[in-house]
Structures are given as structure tokens and as C-alpha cells.
Amino acid sequence: MSDELRRVVGRWHQLPLDHALSHVPAVRALVQALADRVATARGVPTTAVPDLGPAVVMDQLAVMVHDVLAADPDVDPAVLVDALAGIRRGL
């Protein structure tokens with residue numbers, strides 16, 4: 001898990017800004033899906049993750065990956081790895 005997260009973050013930091021901007025919606029969608037899963041696992045209402053821009057979206061992704069692993073014992077790490085790899089391949 002952490003290897004794929006490092007790969008996607010490393011690739012993100014290599015992107016030119018215009019290319020990164022075009023991929024922000026896909027990354028934000030994953031961040032929001034993970035945040036929703038964390039909220040559901042904790043029994044709290046879902047809330048929108050704030051859009052803090054392309055410079056911060058990878059930090060948000062990393063936090064949500066760690067949070068979902070901590071909050072949801074039923075999460076399949078392979079599914080998270082696949083989602084991260086999909087983001088990375090799209091970059």
C-alpha cells in the first residue's frame with residue numbers, strides 16, 4: 001500500500017501544473033470516496049472534503065488512505081492499491 005501511495009505522490013510532483021490540473025477531479029473523487037467510507041465506518045455524516053488545490057490534493061489523498069485503513073477493518077488493501085495505481089497510470 002505505502003509503495004503505491006509513494007509512487008502516485010512522486011509521479012504527481014513531477015507533473016507540469018497544467019497536466020496536474022487536468023487530473024485533479026479524478027484524484028478529488030477518490031479522496032472524497034475514501035472520506036465518505038471513513039465517515040460511514042465511524043458512524044458520522046459525510047462531509048465534502050475542501051478543494052485546496054493541486055499542491056495539497058496528494059496530502060489529502062495520503063491522509064484519507066491512512067484514515068480508511070484505520071477506520072474500516074473490512075477495507076481490502078488490494079482495492080486501495082488498485083485505485084492508487086489507476087490514478088498513477090492516468091497521470
Side-chain angles (χ1 to χ4, degrees):
M1 168 66 58
S2 60
D3 289 340
E4 190 57 45
L5 183 57
R6 274 193 295 274
R7 284 184 196 113
V8 74
V9 170
R11 177 67 183 115
W12 183 264
H13 291 296
Q14 296 172 353
L15 296 177
L17 180 58
D18 61 331
H19 193 79
L21 287 171
S22 70
H23 292 282
V24 167
V27 177
R28 285 197 33 78
L30 179 56
V31 168
Q32 188 63 57
L34 295 173
D36 292 348
R37 185 162 184 160
V38 169
T40 299
R42 292 181 177 163
V44 298
T46 60
T47 58
V49 176
D51 183 351
L52 301 176
V56 179
V57 74
M58 284 295 127
D59 294 330
Q60 291 176 311
L61 179 61
V63 167
M64 287 297 99
V65 166
H66 291 287
D67 282 358
V68 78
L69 288 169
D72 188 350
D74 296 327
V75 70
D76 182 355
V79 172
L80 291 176
V81 168
D82 287 346
L84 292 170
I87 294 290
R88 181 179 48 81
R89 284 190 299 269
L91 301 176

For [X] and [Y], work out which heavy atoms get closest and say how close.
X	Y	value
Asp82	Arg89	O-NH2, 4.3 Å
Ser22	Pro25	O-CD, 3.8 Å
Ala71	Ala41	O-CB, 3.4 Å

(Q) Hydrophobic clusters here meaning ILVMFWY residues chained together by side-chain heavy-atom distances under 4.5 Å, can you tell me if Leu84 and Val24 are in one? (A)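 Hydrophobic grouping puts Leu84 with Val24.
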Q. Hey, quick one: are Leu15 and Ile87 part of the same hydrophobic cluster, counting side-chain heavy atoms closer than 4.5 Å, chains of contacts allowed?
A.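 They do share one cluster, since a chain of ILVMFWY contacts under 4.5 Å joins Leu15 to Ile87.
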**Q.** Flag side-chain contact, heavy atom, 4.5 Å: Leu30 against Leu34
**A.**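 Answer yes - side chains close enough.
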Q) Do Leu61 and Trp12 touch side chain to side chain, with heavy atoms closer than 4.5 Å? A)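 In short, these two side chains do not touch, never coming nearer than 4.5 Å.
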Measure the [atom1]-[atom2] distance between [X] and [Y] for me, rounded to the nearest 0.5 Å.
X	Y	atom1	atom2	answer
Asp72	Arg37	CG	CZ	4.0 Å
Gln60	Arg28	CD	CZ	6.0 Å
Leu91	Arg7	CG	CZ	14.0 Å

**Q.** Name of the residue among Val68, Val31, Val49, Thr46 meeting side chain to side chain contact (heavy atoms under 4.5 Å, CB included) with Asp36
**A.**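 Per the side chain to side chain contact (heavy atoms under 4.5 Å, CB included) rule, the option paired with Asp36 is Thr46, out of Val68, Val31, Val49, Thr46.
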Q: Kindly write out the residues that satisfy side chain to side chain donor-acceptor pair (under 3.5 Å) with His23, not counting sequence neighbours, or none if the list is empty.
A: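 Side chain to side chain donor-acceptor pair (under 3.5 Å) list for His23, sorted by chain: His19.
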Q: Ignoring hydrogens and angles, tell me if any N or O in the side chain of Gln14 forms a donor-acceptor pair with the backbone of Val9 under 3.5 Å.
A: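 A pair under 3.5 Å: no.
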Q: Spell out, as yes or no, whether a donor-acceptor pair under 3.5 Å connects the side chain of Arg88 to the backbone of Leu5.
A: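 Side chain of Arg88 to backbone of Leu5, a donor-acceptor pair under 3.5 Å: no, none is there.
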Q) What do the steps show when you test Glu4 against Leu80 for side-chain contact (heavy atoms from CB on, under 4.5 Å), and what is the final call? A) CA-CA 9 Å; Glu4 190 57 45; Leu80 291 176; over 6 Å; no
Q: Would you list the pairs meeting ring-ring contact (aromatic ring centres under 6.0 Å, His included) in which at least one residue belongs to residues 27-54, sequence neighbours left out?
A: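 Found none.
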Q) How is the hydrophobic cluster of Val56 composed, in terms of its other members, when Ile, Leu, Val, Met, Phe, Trp and Tyr link through side-chain heavy atoms under 4.5 Å apart, directly or indirectly? A)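 Its cluster partners, ordered by chain and number, are Leu52.
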